[in-house]
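These numbers come from the heavy atoms of this one structure, side chains and all, not from hydrogens, waters or symmetry mates. Here the structure is a predicted model, which means the values were calculated and not measured. Nothing fancy with the numbering, it's 1 onward along the sequence.
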Amino acid sequence: MPSGPANVKNGNFKPPFQSPKLQSNAPSSLTSQATPIQAMLHEILLSLSGHPSPLLETADADSHARAGITPPERQLLATAGHLSDLHTKLITHTSQITSSHTSTICRAAAAAVQSVHLAAFQRKVLAVEESILKHDPNLVGAYNIVPLTAVMSEFQQWTRRMEWLWEAVRFIMSKPDDAPATCRGADLINWLCMQRQSGYQDIADASLTLIAVTETAWLKQVSAWVLYGRLPSFGTDDFFITQSQPPEDFACVAERLPSFVTPATASSMLFIGKTLNHLRLMGNINSPLGGLGDISAKLQELGSLPFPLDGTNFARIITSIRLSLSETTLRKMLPVEKVAEMVQLLRAFFLLGRGEFALALTHEADEWMQNRWRRAGNLAYENDDGLRNVTVKDAEVSAVLNRTWATLGSMQAQHADEDEQLELARGLLRLQLTKSQPPPPIRCGKGLGPDAVKMLESSPFSSLLLSTPAMLFMELPWPLDMVISSSDVAIYSCINTFLLSLRRAHIRLTDLWKTTSLRRHHPTPAGDRAALLRERWSARSSSMRSSWTTASAAIFFLGETEAYLQTEVVEGMWEAFSAWLTGEETRRDQRAGQPAMPVQPTARPTDSDDEDMFLHDACSEASNQETRRPAHDPQTLSTAHTLYLRTLVNRLLLTQPTFTEPLHALLVHIDHLVSHMQRLHSIFTAIDLETDAGVVDGLVDLEREEQHVTSLLHGVGSKVKQGIEAVVDALRSLENDADFLLEWDVPGALADGYEDDGSTAGERYTPGRIGGVNRLLMKLDFGSWLGSRHDGWEGG
């Protein structure tokens, strides 16, 4: 050993810090009478304990404090200085993290670094000091010489561990590029799990210690949510559940979830917490219908999970909690029959299952628009761009729906009070302007990406009914909103505007044929005026022949398109989902899989016919089992309904802009065509009155109006024909699109991510392969007008 640092004089070096152990020993220990060698050891041990020392500073190798120290000893002191620096920085930054970090999980990890690893390192320093004071032969040699190499070899195993701990602390203090704050708790858990595979056993053990602490802190937050429906009081910005407006609405942020949590498990946790939170706000959490049955048992299950957490075991416990909540509470509050009733109402009014509703709503909307145009002086389309801007009020839109209910009530006549579905819809449905009352946002998910959601929310079909964006909405009462979310209702509204626009265009075109005087000659009077009238009607018929041909072609196109969308897609999807919901699908599968029971064609069984009696009992029991409804829990119902709805959106081609854009343009042109023909009919009537009865309107030049409207009619007729061709070409492009066909042809392709919900394969809803673009094209090709469209069908 060297003679000590240069600042040690007369053997009376007193270190700046003295540990209690050194102060409590005998005078022969390393105290104020310490030799320079003992003073150096004292300085090294104090520095390793976290105190700064000029002896171990490496910034200035020629400093006065390190004069006289050989290069090998300087290398050993550099190792000690590195450990001392790491220890000091860990103490400083872990204290800062535990007091100021926004994440509870990161605070717990920093506290574990202090209480477990740094405390163990401090105990190691004290153990080495104690060994030196006790003259342990492993450290103290002859003549009480303590080799510096032997001292530093005791801390050799701590270098890599302290470096890894400092890396972990730096990760906690880091700020992700896409995050406004520092490290998230989920990111730390994922990083620690990856560090277990570093290849060093000491690093794996240290990371496992921090994993247990961080996942325990995360489980405490999850337990408060899935057992009580409460968000954490601290660190809500780090929790994976966020609360939005209104206050009872919650959402799941996937970026804040650890990697072992699957999307289905996260959805179940969101559902459980939302339900418990709503029950607590309603004051039913302590009632027999509210909350979980045995919270202590669920806490024990969560607490018994081994670390690191496994996704399968965690999903199993969350599923158990969800099913327990369903069995103890929700099944009594929300039976399957009530859900089926509401889904049937959505099918009837939003998906146009009741055709009279679409007919009455279209009729009342057209009547209102004609009255508004008449009051505003816009009797017809004055140019090909459409009507002038007309201000529409919410009260007027609501009045249209109220008159629709009155019309439907008059259709039912004396049995209107017995139509419970109609009365329920009257109380729940609202027709409102999207500008004054925006629809709820549509959530992204599997089968409905951000681009598709943007397309649905900006759907142009909503402005066709009332010449301004208006949609049908429904406020779902609790607890039905646990199965059918506001996002689902918004999707229903988008589908309704699409289907209603097609039905409205079809109705308006067919109504033209009801205007008999526009398309048919009346019996001409006898006398000299017969030739004049015949010539007048022949000229009008010749000028409108092309328009009638175009209207007929458009009716054929709309009829076949509607038949495909309504009969094959909407009705096919509804029948499959309804069968799953009510259990008809399960009963059909059971009947198909069971062997046929031989039934004796005899009368009632007698006492001597024991076999027939047992057979009769077995048949009765099987019949009772078949009549039972499935016991789907609300989470399973909600998942299945969301999958059904998003599959329906894709099957209706609403997520294909190459189809919806030309179709919307075609419907606008059809509106113009109908309006121009109606306007031309009114001009013909005015001309007849002026010519035959002498009723003259001096403010209008009828002949000039006739020429202008006839020119517009021919122009819009060409646009309708071109629009039909554009839509058919878009369908042909989709038929040849490999990605589109792959998504369509694979049964249940959209079901990925919905399957891990705790239900068995027989209980899951899987959308089948329904419809096909080729089937629609085959129907459209059947029309002779389509086959000859390249041969100059404009003149036909």
| field | Minimal non-hydrogen separation, Leu776 against Glu560, with atom names | value | CD1-O, 3.8 Å
| Side-chain contact, heavy-atom cut-off 4.5 Å: Gln421 with Phe349? | yes
| query | Is the closest basic N to carboxylate O distance between Asp511 and Lys514 below 4.0 Å? | reply | yes
| field | Check: Thr766 and Trp580 side chains under 4.5 Å, non-hydrogen atoms | value | no
| message | Using the rule given for side-chain contact (heavy atoms from CB on, under 4.5 Å), can you reason through Asp366 versus Ile507, listing the C-alpha separation, both sets of side-chain angles and the distance that settles it, and then say yes or no? | response | CA-CA 11 Å; Asp366 286 346; Ile507 292 174; 6.0 Å; no
| message | Does any part of the side chain of Leu648, heavy atoms only, come nearer than 4.5 Å to the side chain of Leu351, both counted from C-beta? | response | yes
| request: Quick one: do Thr510 and His506 satisfy side-chain contact (heavy atoms from CB on, under 4.5 Å)? Show the steps, please. | output: CA-CA 6 Å; Thr510 53; His506 197 177; 3.7 Å; yes
| query | Do NZ/NE/NH1/NH2 and the carboxylate oxygens of Glu341 and Lys338 come within less than 4.0 Å? | reply | no
| message | Check this for me, if you would: do Glu575 and Arg347 make a salt bridge, where the nitrogen-to-carboxylate-oxygen distance has to be below 4.0 angstrom? | response | no
| request: Would you indicate whether the side-chain heavy atoms of Ser398 and Arg430 approach each other to under 4.5 Å? | output: no
| field | Considering all heavy atoms, the nearest Val716-His669 contact | value | CG2-O, 3.4 Å
| request: Nearest 0.5 Å please: distance from the CG atom of Asp729 over to the CD atom of Gln722. | output: 11.5 Å
| said: I need the minimum non-hydrogen distance between Pro469 and Thr434, along with the two atoms involved. | reply: CB-OG1, 3.1 Å
| query | What closest approach, in Å, do Arg679 and Val709 show between heavy atoms, and which atom pair accounts for it? | reply | CG-CG2, 3.9 Å
| query | Is a side-chain donor or acceptor of Glu562 paired with a backbone partner of Gly559 at a separation under 3.5 angstrom? | reply | no
| remark: What one should report as the nearest heavy-atom pair of Ala358 and Leu352 is CB-CD2, 3.9 Å
| message | Determine whether the aromatic ring centres of residues His641 and Tyr492 are separated by less than 6.0 angstrom. | response | yes
| request: Decide yes or no on salt bridge (Lys or Arg N to Asp or Glu O under 4.0 Å) for Asp488 and Arg443, but give the supporting numbers first. | output: CA-CA 9 Å; Asp488 294 339; Arg443 292 199 305 266; 5.4 Å; no
| Rounded to the nearest 0.5 Å, how far does CG of Leu472 lie from SG of Cys494? | 12.0 Å
| field | Side-chain touch Ile495/Leu645, heavy atoms, less than 4.5 angstrom | value | yes
| request: Run the numbers on Met474 and Leu346 for side-chain contact (heavy atoms from CB on, under 4.5 Å), then give the verdict. | output: CA-CA 9 Å; Met474 180 171 62; Leu346 291 167; 2.9 Å; yes
| task | Could you tell me whether a side-chain N or O of Ser462 sits under 3.5 Å from a main-chain N or O of Ser459, the two making a donor and an acceptor? | result | yes
| said: Could you check whether any side-chain heavy atom of Leu431 comes within less than 4.5 Å of a side-chain heavy atom of Phe473, counting everything from C-beta outward? | reply: no
| query | Relative to the ring of Tyr644, is the ring of Phe577 parallel (under 30°), tilted (30 to 60°) or perpendicular (over 60°)? | reply | parallel
| CG on Leu637 to OH on Tyr765, rounded to 0.5 Å | 13.0 Å
| message | Determine whether Ser463 and Thr468 satisfy the following criterion, side-chain contact (heavy atoms from CB on, under 4.5 Å), listing intermediate values before the conclusion. | response | CA-CA 4 Å; Ser463 60; Thr468 187; 5.8 Å; no
| Are the side chain of Arg503 and the backbone N or O of Leu359 linked by a donor-acceptor pair below 3.5 Å? | no
| message | A quick test of your reading: do over 12 heavy atoms of other residues, nucleotides or ligands sit less than 6.0 Å from CD of Glu475? | response | no
| What is the minimum heavy-atom distance between Leu731 and Leu780, and which atoms define it? | CD1-CD1, 4.0 Å
| field | Heavy-atom side-chain proximity of Met455 to Pro450 below 4.5 angstrom | value | no
| query | Under 3.5 Å, is there a donor-acceptor pair linking the side chains of Gln635 and Ser267? | reply | yes
| request: Would you check if the side chain of Ser268 reaches a backbone N or O of Ala264 as a donor-acceptor pair within less than 3.5 Å? | output: yes
| query | Between Thr550 and Ser546, is there a donor-acceptor pair closer than 3.5 Å when you use the side chain of the first and the backbone of the second? | reply | yes
| query | Under 4.5 Å between any side-chain heavy atoms of Pro440 and Val489, yes or no? | reply | no
| message | salt bridge (Lys or Arg N to Asp or Glu O under 4.0 Å) for Glu423 and Arg426? Distances and angles first, verdict last. | response | CA-CA 5 Å; Glu423 293 301 319; Arg426 187 196 300 267; 3.7 Å; yes
| note | Taken to the nearest 0.5 Å, the spacing of Glu457 CD from Ile491 CD1 works out to 9.5 Å
| Leu673 CG to His714 NE2 distance, which is reported to the nearest 0.5 Å | 10.5 Å
| query | Hey, what do you get for OG (Ser501) to CG (Leu465), rounding to the nearest 0.5 Å? | reply | 7.5 Å
| query | Is any side-chain N of the basic residue among Glu568 and Arg775 closer than 4.0 Å to the acidic one's carboxylate O? | reply | yes
Under 3.5 Å, sequence neighbours excluded: what are the donor-acceptor pairs made by side chains of residues 653-666?
unit_1: Thr655; atom_1: OG1; unit_2: Asn650; atom_2: OD1; d: 3.4
unit_1: Thr660; atom_1: OG1; unit_2: Gln656; atom_2: O; d: 3.4
unit_1: His664; atom_1: NE2; unit_2: Pro460; atom_2: O; d: 3.3

